[in-house]
2 protein chains.
Amino acid sequence: MAYRKTPSVQGRLDAAREQLVDSATAVVAEAGWSGASVTVVAAAAGMSVGSVYQHFPSKSALAVEVFRRASGREVRVLSEVLAHGTGDPLERLAHGVEVFARRALENRGLAHALLAAPADAAVGRERLEYRRRYRAAFARVVREGVAEGLLPSQDADVTAAALTGAIGEVLVDPLAGPGEDAAGALVAELLAMSLRCAGAPPPAPAARPACPSDDEGLR
Amino acid sequence: MAYRKTPSVQGRLDAAREQLVDSATAVVAEAGWSGASVTVVAAAAGMSVGSVYQHFPSKSALAVEVFRRASGREVRVLSEVLAHGTGDPLERLAHGVEVFARRALENRGLAHALLAAPADAAVGRERLEYRRRYRAAFARVVREGVAEGLLPSQDADVTAAALTGAIGEVLVDPLAGPGEDAAGALVAELLAMSLRCAGAPPPAPAARPACPSDDEGLR
DNA sequence: CGAAGGTCTGAACGGTGGTTCACTTCTTCG
DNA sequence: CGAAGAAGTGAACCACCGTTCAGACCTTCG
């Protein structure tokens, strides 16, 4: 034998793979799945088409990896907030919705690709799986809220599905357009809606003890 | 001239076009947009590939027609119930959600194709438009509810988007599997969730004004 | 009937885009 | 250095699918 894989080579290989996945993610966020042809992705990663197939057996496999990484990040963040955040279940739910929505709004392209954009079959299957995880995370905190008497008895899975769908729907459409300041208001509304959806007691009408956030017309 | 289009010929033509759209709809409901190649659709309609192009200038145009017809039916039914049904806005909202969900569950394949399945760009654009209509219909009744003091002040568009998204999400996944009886329970839960989402007063606890909201541990 | 002018057919075409592979370039180690 | 063998390249390949078109077949009316 006159050649063996040395650590530096392996490092370069790993880095190239990383670079490939990152570039592909950027392309997907920018141009959607349909715009992410092997040719384009390879070019973005600064490698040849053939090299792509050194790292992944097929375009589908690469797409799935891209999806998993990005979705994995989001699920992790959301779960963390919902499960191990501070405050009672309601506060955590509120915080979770806000974080989820804010992150999505900050990277609309990627969010759209992950949540809604047309994708090939393999990615579609993965998407179902990850939606299930979003829902599981929401469902858990809803169940906790019910158990603690903060929320009315309900089917937590349906509520969780609704939250996932609702947030996705609100985000998919240019409801807020490219606006940045509108995003804040949108998130606030989304949050209020989410709490109602889970059956949290209404904040304002009950009594306004210490909530000075009345609509003072500030756009 | 020695030939002019006679009514019977025109009738045959129209019938063929109808047949084509219906068959295409069936194929889409069964196999999704990706399974609806021109070849397959033509075969299903009992005509040759070439004839398809006598009725539509392109595959996209046919797909859009299929989408419009099916979605148009749903929007019409939903709007009718929401806008001109009986009862106050809350009752109409409840009824609307139920009708929407029940119809979708009765034809999951088509519902999925209309609401969620990957489709080509033209259909995607159309989908955005129709989602807007669903939302407009929901938003209207929510606004009425707010105006009549039945619902708390809120951004009706966000709530409407949430309802659309929530129902879609609940339907997309095999939450209820192929079950028939489970559908009833699912619709009931969906309905309760929708009312909460819009901020309708809780049904059971409200009825007991004397603050008897004790958690009696029921499940 | 038969000429005129439709409708209908399906094999062939062309564009797109994933995949391959013969070849070049680089790295390792005796 | 130079043999061995991996990494890297990109033009060619191929499968798929929407679209076309030359000809077959049908309907109308003088």
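Chain letters run A, B, ... following the sequence lines, proteins first, then strands; residues in each count from 1. Just so it is clear, the model here is predicted, and its values are computed rather than measured.
The NZ-C1' distance, from B/Lys59 to D/dG18, rounds to 8 Å in whole Å. Rounded to an integer number of Å, the gap from A/Leu62 CG to C/dT19 P is 10 Å. If you measure from atom CG of B/Asp120 to atom C1' of D/dC17, you get 13 Å, rounded to the nearest angstrom.
Of the residues in residues 25-35 of chain B, none has a non-hydrogen atom less than 4.0 angstrom from any atom of DNA chain D. Within residues 37-57 of chain A, the residues that place at least one heavy atom under 4.0 Å from DNA chain D are, in residue-number order, A/Met47, A/Ser48, A/Gly50, A/Ser51, A/Gln54. Residues of residues 12-22 of chain B that place a heavy atom closer than 4.0 Å to DNA chain C, in numerical order, are B/Arg12, B/Leu13.
What you find for B/Leu191 and B/Val97 is that their closest heavy atoms are CA-CG1, 4.3 Å. Minimum heavy-atom separation, A/His55 to A/Ala16: NE2-CB, 3.9 Å. Taking every heavy atom of both residues into account, B/Tyr53 and B/Lys59 meet most closely at OH-N, 4.2 Å. Of all heavy-atom pairs spanning A/Pro118 and B/Ala119, the tightest one is CG-O, 4.1 Å. Closest approach of A/Ala31 to A/Ser34, counting heavy atoms only: O-OG, 4.1 Å. Pairing each heavy atom of B/Ala139 with each of B/Ala160, the nearest pair is N-CB, 3.5 Å.
Between B/Glu74 and the choices B/Arg68, B/Arg103, B/Arg69, the salt bridge (charged side-chain N to carboxylate O under 4.0 Å, His left out) rule is met once, by B/Arg103.
No side-chain heavy atom of B/Val146 sits under 4.5 Å from any side-chain heavy atom of B/Pro152. In this structure, B/Val81 and B/Phe100 have side chains that are not in contact, with every pair of non-hydrogen atoms separated by 4.5 Å or more. When side chains are defined from C-beta on, B/Tyr134 does not count as touching B/Ile167, because their heavy atoms never get closer than 4.5 Å.
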Please write out each protein N/O paired with an N/O of nucleotides 23-25 of chain C under 3.5 Å, distance rounded to 0.1 Å.
none

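Listed by chain and residue number, B/Phe67 satisfy the ring-ring contact (aromatic ring centres under 6.0 Å, His included) test with B/Tyr130 (two or more places apart in sequence, or in another chain).
Listed by first and then second residue, the salt bridge (charged side-chain N to carboxylate O under 4.0 Å, His left out) pairs that reach into residues 85-98 of chain B are B/Arg92-B/Glu144, B/Glu98-B/Arg102, sequence neighbours excluded.
A side-chain donor from one of A/Gln154 and B/Arg196 sits under 3.5 Å from a side-chain acceptor of the other.
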